[in-house]
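First comes the structure, then the notes that go with it.
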Amino acid sequence: MSKDKSAKIATPQAVRGTQDMLGDFADRFQHVVDRFEHVRRLYGYKRIEVPVIEPTAVFARSLGETTDVVSKEMYSFEDRGGEGVTLRPEFTAGIARAYITNGWQQFAPLKVATHGPLFRYERPQKGRYRQFHQLDAETIGSDSPLADAELLVFADQLLKELGVGEGVTLTLNTLGDAESRDAWRTALVEHFMGHRGDLSEDSLARLDKNPLRILDSKDPKDRPIADSAPDIDAYLTNEAQDFFAAVTAGLDAAGVAWERNARLVRGLDYYRHTAFEFVTDRLGAQGTVIGGGRYDGLIETLGGPATPAVGWAAGIERLAMLLDADVIDNRLDAVIAVEDDGQLALAMKALTALRGSGFSTEIVASGSPRKRFDKAAKIPAHALISIGTRDGESYINIRGDSERTIAAKAIVQAL
RNA sequence: GCGACCAUAGCUCAGUUGGUUAGAGCGCCGGUUUGUGGUACCGGAGGUCGCGGGUUCGAGCCCCGUUGGUCGCCCCA
């Protein structure tokens, strides 16, 4: 820190909506990723890595030109070669692109999982950031409802392993196949046009852009109109009905609790058939923890072969916020207090021996020697080792109760 | 893009109707006490009160602007 105030340098600030994580939250974040990696292996999902940056067309074409994500939330720019590129706002489109350009059709049906940062130019608020992070799982090349069900069971198990299953419910809907969805959409537009004078301003805009979204409007003005709108059920083809029945049967067989939400629609244009969200009321305005669905038309939209696919994404920060306070135990195995600098060499020897044997260990050897014990005692650890001099002799005292403490004790005493 | 609220020490905050050198707790540094001990006490470092204007004899406090943060709308994980 400079004492010369006239020479004070202005510190650049973090970019809005990005976050720096230290300690507890960083641990929780990593815990979510660790459990995800564990569960995705149990379900046979292959690990993949895809670029954070893609040609803008990858997202613009697949998400729908009129969606908010494409029209106003993408971090897009020209690179030095004049290429239009975008920081990925979601995983699915990039994975679909990779599937096509790498010829992964040969592995279909392909089950893949990944996680990492995404970017959306939005106003930050609780549970929402400009750089945020998701877990992602996709099954590409399967038109079986069992694929949908497997993905949902996977998500359910992940939530249970994280200990957040209780406060989160799976809400499920079907948007039908293309035929069903178009018929329903036409009926909805007709219904809403009949009430256009009573709709909120936002919903009038939605009527042009994405009439389905009026269904889950939060505006009380819209509720009676949305609630009286026709359900998709009447417009579902037999195939679409059978498909949805097979998905829910799969969930029931696996013992996964779910709720039908006939009002659930999802923002991106590519969804077909199954649409779902795992929601909670514990995150303020951002209730969705995991969201996804089937996107049978997407890969074709990107110039690939007609390929059915289904997947979901989960917000890592949102899951991390839901974790109980006690799930993270980052206590060290031991902490050493050096109460006499004359014993520093002995303390360093003990420190090295413990760390070398796989015991996480920290040392307190600075500041007033008589305060080091207290300082060390405040560091969360299973064992507290004090090293000093008493009656002209060096001494080592170890306090702690766990089995690892006893093992650590043996190592130190062998010195 | 729109709205509400907030901004004082490294952190969490107090600061009366506008009134002298702006405080506390925690943390950090030093000392005393205790001497197998997570205690208590004393002292120290650290702030142009986010920034810029204005009102006033006088502004941390009132007004305007600006930047940043938080929460909500929109949208989404």
Side-chain angles (χ1 to χ4, degrees), chain A residues 1-3 5-6 8 10-19 22-23 32 63-64 66-74 88-92 115-137 155 168 200-203 205-206 209-210 213-214 216-219 265-268 276-280 283-293 311-322 335 337 339-340 364 366-381 384-391 395-399:
Chain A
M1 255 192 249
S2 172
K3 300 223 167 177
K5 285 171 185 169
S6 63
K8 201 164 189 178
T11 304
Q13 292 182 314
V15 172
R16 169 173 245 162
T18 62
Q19 23 176 11
L22 168 69
V32 171
L63 306 192
T66 61
T67 59
D68 279 27
V69 171
V70 171
S71 64
K72 59 185 198 194
E73 295 176 1
M74 293 205 302
R88 64 185 178 200
E90 61 133 38
F91 273 114
T92 306
H115 58 83
L118 294 299
F119 302 85
R120 266 155 28 190
Y121 194 85
E122 297 183 275
R123 195 71 186 270
Q125 64 189 71
K126 188 181 176 76
R128 203 170 70 183
Y129 311 94
R130 288 188 175 177
Q131 178 182 335
F132 60 106
H133 302 80
Q134 288 184 346
L135 312 169
D136 187 272
V168 180
S200 69
E201 219 171 292
D202 283 336
S203 286
R206 283 189 275 238
K209 283 168 55 183
N210 192 347
R213 300 239 46 129
I214 300 175
D216 53 11
S217 169
K218 286 178 190 167
D219 194 317
V265 294
R266 294 193 47 79
L268 309 179
F276 56 86
E277 290 182 356
F278 287 80
V279 297
T280 180
L283 286 177
Q286 272 60 242
T288 305
V289 154
I290 299 178
W312 53 250
I316 299 178
E317 287 90 347
R318 292 185 185 178
L319 288 171
M321 286 189 281
L322 289 178
V335 57
E339 299 194 276
D340 176 358
V364 177
S366 64
S368 171
R370 51 174 52 169
K371 286 183 177 168
R372 290 181 195 165
F373 184 93
D374 290 356
K375 200 193 274 186
K378 286 177 185 168
I379 297 173
L384 175 52
I385 301 171
S386 52
I387 297 178
T389 307
R390 192 161 164 73
D391 302 327
Y395 72 87
I396 300 178
N397 183 53
I398 303 180
R399 291 187 9 170

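Labels below follow one simple rule: chain letters A, B, ... track the order of the sequence lines, proteins then strands, and each chain is numbered from 1. Everything quoted here is computed from the prediction, not taken from an experiment.
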Side chain to side chain contact (heavy atoms under 4.5 Å, CB included) partners for A:Asp219, two or more places apart: A:Ser200, A:Ser217, A:Lys221, A:Asp222

Considering residues at least two apart in sequence or located in another chain, which fulfil the salt bridge (charged side-chain N to carboxylate O under 4.0 Å, His left out) criterion with A:Arg130? none

Taking atom CZ of A:Arg318 and atom NZ of A:Lys126, what is their separation to the nearest 0.5 Å? 11.0 Å

Under 3.5 Å, N/O pairs linking protein and nucleotides 66-70 of chain B:
unit_1 : atom_1 : unit_2  : atom_2 : d
B:rG69 : OP2    : A:Arg16 : NE     : 3.0
B:rG69 : OP2    : A:Arg16 : NH2    : 3.0

Can you give one letter per nucleotide of nucleotides 32-39 of chain B, going 5' to 3': B for a protein heavy atom under 4.0 Å from the base, S for sugar-phosphate only, - for none? SBBBBBBB

Give me the distance, rounded to whole Å, that separates B:rG30 from B:rU20 when you measure between the P atoms they each carry. 36 Å

Counting Watson-Crick and G-U wobble pairs with both distances under 3.5 Å, what is the dot-bracket string for RNA chain B, 5' to 3', using [ ] for crossing pairs and | for pairs to another strand? (((((((..((((.....[...)))).(((((.......))))).....(((((..]....))))))))))))....

Partner set under salt bridge (charged side-chain N to carboxylate O under 4.0 Å, His left out) for A:Glu73, not counting sequence neighbours: none

Once side chain to side chain contact (heavy atoms under 4.5 Å, CB included) is applied, do any residues pair with A:Ala377, and if so which ones, sequence neighbours excluded? A:Leu384

On a whole-Å scale, what distance lies between the P atoms belonging to B:rG50 and B:rG68? 16 Å

Just jot down the side chain to side chain contact (heavy atoms under 4.5 Å, CB included) partners of A:Ala314, sequence neighbours excluded, or say none. A:Leu135, A:Ile290, A:Trp312, A:Leu319

Contact class for A:Gly292 vs. all strands (heavy atom < 4.0 Å): base, sugar-phosphate, or nothing? nothing

Using the C1' atom in both, what is the distance from B:rC49 to B:rG23, to the nearest Å? 12 Å

On a whole-Å scale, what distance lies between the P atoms belonging to B:rG46 and B:rU39? 27 Å

Side-chain donor-acceptor pairs of residues 115-123 of chain A under 3.5 Å, sequence neighbours excluded:
unit_1   : atom_1 : unit_2  : atom_2 : d
A:His115 : NE2    : A:Arg47 : NH1    : 3.0
A:Arg120 : NH1    : A:Pro89 : O      : 2.4

Atom C1', compared across B:rC26 and B:rA14: separation rounded to whole Å: 14 Å

Hey, which sits more toward the 5' end of RNA chain B by its nearest nucleotide, A:Tyr121 or A:Glu73? A:Tyr121

For A:Arg372, which residues count as a salt bridge (charged side-chain N to carboxylate O under 4.0 Å, His left out) partner, sequence neighbours excluded? A:Asp341

What integer number of Å spans the P atoms of B:rA40 and B:rA45? 24 Å

Tell me, please, which residues at least two apart from A:Tyr395 pass ring-ring contact (aromatic ring centres under 6.0 Å, His included). none

Taking for each residue the nucleotide of RNA chain B with the nearest heavy atom, is it A:Arg318 or A:Leu283 whose nucleotide lies nearer the 5' end? A:Leu283

Going from OG1 on A:Thr288 to CD on A:Glu277, what distance comes out if it is rounded to the nearest 0.5 angstrom? 3.5 Å

Taking only the P atom of each, what is the distance from B:rG18 to B:rG58 in whole angstrom? 15 Å

Whole-Å P distance, B:rC75 and B:rC28: 49 Å

Just to verify, what does A:Asp68 make a salt bridge (charged side-chain N to carboxylate O under 4.0 Å, His left out) with, not counting sequence neighbours? A:Lys72, A:Lys209

Taking only the side-chain heavy atoms of A:Glu122 (C-beta and beyond), determine which of B:rC75, B:rG72, B:rC76 contains the nearest atom. B:rC75

